[in-house]
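Report on one structure; see the data block that follows.
Keep in mind the model is a prediction, meaning the values are calculated, not measured. In this chain, residues are counted from 1 in sequence order.
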Amino acid sequence: MIGSSHAGGSPTLTTGQEWLVDASGCTPERLKDAASLAALFEEFIVLLELKVVGQPQWHVFPEPGGITGLTLLAESHLTIHTFPEHGFAALNVYCCRTRARPDFESLLARHLGAASCHVRELKRGVTA
C-alpha cells in the first residue's frame with residue numbers, strides 16, 4: 001500500500017501500524033493474572049479480526065514481578081509487560097494492515113482496571 005510522500009517527494013510503502021500503550025493505575029492483582037491478560041488479548045484478536053499463529057506465550061515472574069506475554073499473529077504481534085508493583089502495563093499491538101484504532105482506554109480499564117492510558121501510534125513503512 002502506498003502512503004503519503006515524505007519531504008522530497010519519495011513515496012512511502014506502508015507496512016502497517018503499531019500502537020504503543022502505557023497503562024497506569026492498573027489493579028496489581030490483574031497484572032499478575034495470566035487469565036486476565038489472555039482475556040484482554042482475546043478481545044483484541046476478535047475486535048481487530050486477527051489470526052493467531054501458534055500458542056500464546058506467558059512468562060510469570062516471581063513476586064513482586066508481573067507477566068510478559070506474546071501472541072504471534074499472521075498480521076504481526078501482540079505483547080504485554082506488566083509491573084504490578086507499579087500498577088503499570090506496557091502493551092504493544094503491531095498490525096501489518098491498517099485497522100481502526102481500538103478504544104484502548106475502555107479495554108484496559110475493563111480488563112486491567114487502568115486509570116489512564118497513553119497511546120502512541122506509529123505508521124510503519126519504508127521509503128520506496
Kindly write out the residues that satisfy side-chain hydrogen bond (donor to acceptor under 3.5 Å, both in side chains) with Glu18, not counting sequence neighbours, or none if the list is empty.
Asn92, Arg124
Which residues pass the side-chain hydrogen bond (donor to acceptor under 3.5 Å, both in side chains) test with Thr27, not counting sequence neighbours?
none
Do [X] and [Y] have side-chain heavy atoms sitting under 4.5 Å apart?
X      : Y     : answer
Leu73  : Val52 : yes
Leu108 : Cys26 : no
Cys96  : Ser76 : yes

With sequence neighbours left out, the residues meeting salt bridge (Lys or Arg N to Asp or Glu O under 4.0 Å) with Glu85 are none
At what distance, to the nearest 0.5 angstrom, does [atom1] of [X] lie from [atom2] of [Y]?
X      : Y     : atom1 : atom2 : answer
Leu112 : Ser24 : CG    : OG    : 11.5 Å
Gln17  : Thr98 : CD    : OG1   : 5.0 Å
Glu42  : Leu47 : CD    : CG    : 11.0 Å
Thr79  : Leu91 : OG1   : CG    : 6.5 Å

Which atom pairs, one a donor and one an acceptor, fall under 3.5 Å between side chains of residues 28-41 and the rest of the protein, sequence neighbours left out?
residue: Arg30; atom: NH1; partner: Arg110; partner atom: O; Å: 3.0
residue: Lys32; atom: NZ; partner: Glu63; partner atom: OE1; Å: 3.3
residue: Lys32; atom: NZ; partner: Glu63; partner atom: OE2; Å: 3.4
residue: Asp33; atom: OD1; partner: Ala35; partner atom: N; Å: 3.4
residue: Asp33; atom: OD2; partner: Ser36; partner atom: N; Å: 3.4
residue: Asp33; atom: OD2; partner: Ser36; partner atom: OG; Å: 2.7

Taking Lys51 first and then Glu75, would you say they form a salt bridge - that is, a charged N and a carboxylate O separated by under 4.0 Å?
yes
Nearest non-hydrogen partners of [X] and [Y], listed with the distance:
X      : Y      : answer
Ala23  : Ala114 : CB-CB, 4.1 Å
Leu107 : Glu43  : CD2-OE2, 3.0 Å
Thr82  : Gly66  : OG1-CA, 3.3 Å

Connected-component partners of Leu122 among ILVMFWY, side-chain separation under 4.5 Å
Leu20
Just do the side-chain hydrogen bond (donor to acceptor under 3.5 Å, both in side chains) check on His59 and Thr68 with the steps written out, would you?
CA-CA 5 Å; His59 178 75; Thr68 290; over 6 Å; no
[X]: side chain to side chain contact (heavy atoms under 4.5 Å, CB included) partners, not counting sequence neighbours:
X      : result
Asp103 : Glu105, Ser106
Ala100 : none
Val60  : Ile67

With clusters defined by side-chain heavy atoms of hydrophobic residues (ILVMFWY) lying less than 4.5 Å apart, directly or transitively, does [Y] cluster with [X]?
X     : Y     : value
Phe83 : Phe61 : no
Ile45 : Ile80 : yes
Leu50 : Val53 : no

Taking ring-ring contact (aromatic ring centres under 6.0 Å, His included) as the test, write out the residues that go with His86, two or more places apart.
none
Write out all pairs satisfying ring pair (Phe, Tyr, Trp, His ring centres under 6.0 Å) with one or both partners inside residues 89-109, taking only residues at least two apart or from two chains.
Trp19-Phe104, Phe44-Phe104, His77-Tyr94
Atom CZ of residue position Arg101 - does it have more than 12 heavy atoms of other residues, nucleotides or ligands inside 6.0 Å?
yes
